[in-house]
Amino acid sequence: MSGRARILIVGGGIAGLGLRVALRQRGFRPDLIERETHWQPPGTGIAVQPNAMRVLVGLGLNTAMERAGTTIRRWQFRDQTGAVLCDIPLEPLWSRVGPFIGIERAKLHAILRSDGARWRLGTWIVAMDQDSRRVQVTFNDGSTGDYDLVVGADGLYSGTRRLALGPSEPIYGGQMVWRSLSPLPLPEPDSVQFWLGDGCFFGLCPVGSGTYGFANITGPRGYDQVEGRLERLRARFDGFGAAVQDFLTSLERDDQIHCGPIEWVEAEQWCRGRVALIGDAAHAGSPMMGQGGSMALEDALVLAECLQAAPEVEVALSTFVARRKPRVGWVRQQRLAVGETLRLPPAVRNASLRERGWSTFYDRFKLLTAPP
Ligand SMILES: Cc1cc2nc3c(=O)[nH]c(=O)nc-3n(C[C@H](O)[C@H](O)[C@H](O)COP(=O)(O)OP(=O)(O)OC[C@H]3O[C@@H](n4cnc5c(N)ncnc54)[C@H](O)[C@@H]3O)c2cc1C
């Protein structure tokens, strides 16, 4: 397709920003709108896995990522006291794909925005109408625009999904998560660690400037009010070993901790006419594989490639869906399997991780070592 195609990207998260860079590299000049009035991704971290880094290499952003983050070489499962159940080297799996980087989310987003292109903040679509030639959108300020393609990269509660495909609510995944950043370095700063308890786990991931901690508890959906949150979190994990205690002790304020539910979206359709969904808007899942950001970036790259190669939008979108659905479906299956393992009685789960942790882990990720 010609670079003159009018493309609107809705949402300035990992998927939307990644798509914008990938399209600009191919000569397109998309518009991007973001609902928030300021760029404020939550003050937490993210594990950017090698298949995401492969996309970022293609976008020319890998050096900035490696400078701002920490290179992770091992993935560890421990019991809640800190005893190692399995210590998996990442090099044999990912050596031909790229590094595994832990980074603050704010820094990842800033790197994805660093191409100097413009965007419209505080903007969203209130109405959308399409025919065979164009999509006409009305923005919240009353202005309108005509586009050849609208891409909904607007996350779990995607307004684009609702406008194009009708109402569909995310599903509660049965877990609540508390996330925060500490300047405290992790004692073994080349590893991402999962400390497994009974019905809960605590994750620790180095992120360049310190450590990203995430506490995950299985149970009903709830609201944990900000006041007193830190004390409650410390009390809930007081049976955990030293690195978790040190992390929790290093936090000072309730508002350093972000709490929310794990939610899933499984949109059966990712496209309708000239409207497409990518990233969490199309297929958010539980973070059990740490692959949501990778899938968002792979979607962005593949969609840009399809648009460049195809003669028209409809062909590009059907190729995009055909290329992406099997891989995203594979990740969904692996996530469910990890969730089942973590729900086993601790003694059974721990024995299984000691005996087969490495090989199961490699099997879960090996398909993702091939390009998307
Ligand atoms: C607890 C937890 C831990 C995770 N850990 C990892 C990890 O370690 N590694 C990993 O790869 N993934 C991880 N993920 C998943 C990852 O965060 C998501 O998959 C990823 O952020 C999806 O990016 P996105 O751009 O599709 O959506 P989002 O990040 O949700 O971005 C959507 C953007 O669209 C904007 N927006 C929303 N509605 C509108 C609208 N109507 N109009 C305009 N703009 C709008 C939003 O403000 C936002 O900026 C984790 C997820 C959770 C919940």
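One-based numbering, in listed order, for ligands and for the atoms of each. All figures in this text were calculated on a predicted structure; none of them were measured in a lab.
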Flag side-chain contact, heavy atom, 4.5 Å: Arg327 against Leu368: yes

Glu91/Arg73 ion pair, N-O < 4.0 Å: no

Contact check: Ala47 vs ligand 1, nitrogen or oxygen atoms, below 3.5 angstrom: yes

Protein contact to atom 7 (C) of ligand 1 [nearest heavy atom, distance to 0.1 Å]: Ile46 CG1, 3.5 Å

Under-4.0 Å heavy-atom contact with ligand 1, by part of Met295 that carries it: neither

Proximal atoms of ligand 1 relative to Glu36 (non-hydrogen, under 4.0 Å): 47 (O)

Geometric class of the Phe237/Phe240 ring pair [parallel <30°, tilted 30-60°, perpendicular >60°]: perpendicular

Atoms of ligand 1 close to Ala153 [distance to a heavy atom under 4.0 angstrom, numbered from 1]: 32 (C), 33 (C), 34 (O)

Element-labelled atoms of ligand 1 that are located less than 4.0 Å from some non-hydrogen atom of Arg105: 4 (C), 5 (N), 6 (C), 13 (C), 14 (N), 16 (C), 17 (O), 21 (O), 50 (C)

For atom 11 (O) of ligand 1, the protein heavy atom that lies nearest, with its residue and separation: Gly293 N, 2.8 Å

Closest approach of any protein heavy atom to atom 35 (C) of ligand 1, naming residue and atom: Glu34 OE1, 3.2 Å

N/O separation below 3.5 Å, Ala281 to ligand 1: no

Contact check: Gly279 vs ligand 1, nitrogen or oxygen atoms, below 3.5 angstrom: no

SB check Glu34 Arg20 (cutoff 4.0 Å): no

Nearest non-hydrogen protein atom, atom 18 (C) of ligand 1: Asp280 OD2, 3.4 Å

Trp270 and Phe320 aromatic ring geometry - parallel, tilted or perpendicular at 30°/60° bounds: tilted

Ligand 1 to Arg35 polar contact by distance, N or O atoms, under 3.5 Å: yes

Heavy-atom side-chain proximity of Asn51 to Gln291 below 4.5 angstrom: yes

Flag side-chain contact, heavy atom, 4.5 Å: His283 against Ile278: no

side-chain hydrogen bond (donor to acceptor under 3.5 Å, both in side chains) contacts in which one or both residues fall within residues 147-162, not counting sequence neighbours: Arg6-Asp148, Asp31-Tyr147, Asp154-Ser158, Asp154-Thr160, Tyr157-Glu263, Arg161-Ser168

Identity and distance of the protein heavy atom lying nearest atom 30 (O) of ligand 1: Gly155 CA, 3.6 Å

Atom CZ of Arg26 with >12 non-hydrogen neighbours under 6.0 angstrom: yes

Ile14-ligand 1 polar pair, N/O distance under 3.5 Å: yes

Contact (N/O only, under 3.5 Å) between Tyr157 and ligand 1: no

Stepwise ring-ring contact (aromatic ring centres under 6.0 Å, His included) check, Phe361 with Trp75: CA-CA 9 Å; Phe361 181 88; Trp75 180 302; 4.9 Å; yes

Residue list, side-chain contact (heavy atoms from CB on, under 4.5 Å) with Ala310, at least two apart or on another chain: Val315, Ala316

Shortest protein heavy-atom distance from atom 37 (C) of ligand 1, along with the residue and atom involved: Asp154 O, 3.3 Å

Atom indices of ligand 1, in the order listed, that fall short of 4.0 Å to a heavy atom of Val10: 42 (N), 43 (C)

Worked check of salt bridge (charged side-chain N to carboxylate O under 4.0 Å, His left out) between Arg236 and Asp224: CA-CA 13 Å; Arg236 179 66 179 78; Asp224 184 28; over 6 Å; no

Atom 15 (C) of ligand 1 [closest protein heavy-atom partner, distance rounded to 0.1 Å]: Gly292 CA, 3.8 Å

Numbered atoms of ligand 1 (with element) below 4.0 Å of Ser294, judged on heavy atoms: 11 (O)

Ligand 1 N/O within reach of Ala15 N/O, cut-off under 3.5 Å: yes

Aromatic plane relationship, Phe194 with Phe77 - under 30° parallel, 30 to 60° tilted, over 60° perpendicular: tilted

Pair Glu340 + Arg343, salt bridge at N-O below 4.0 Å: no

Shortest protein heavy-atom distance from atom 2 (C) of ligand 1, along with the residue and atom involved: Arg179 NH1, 3.5 Å

Residue portion contacting ligand 1 (non-hydrogen atoms closer than 4.0 Å) for Thr123: backbone

Nitrogen or oxygen of Trp124 less than 3.5 angstrom from that of ligand 1: no

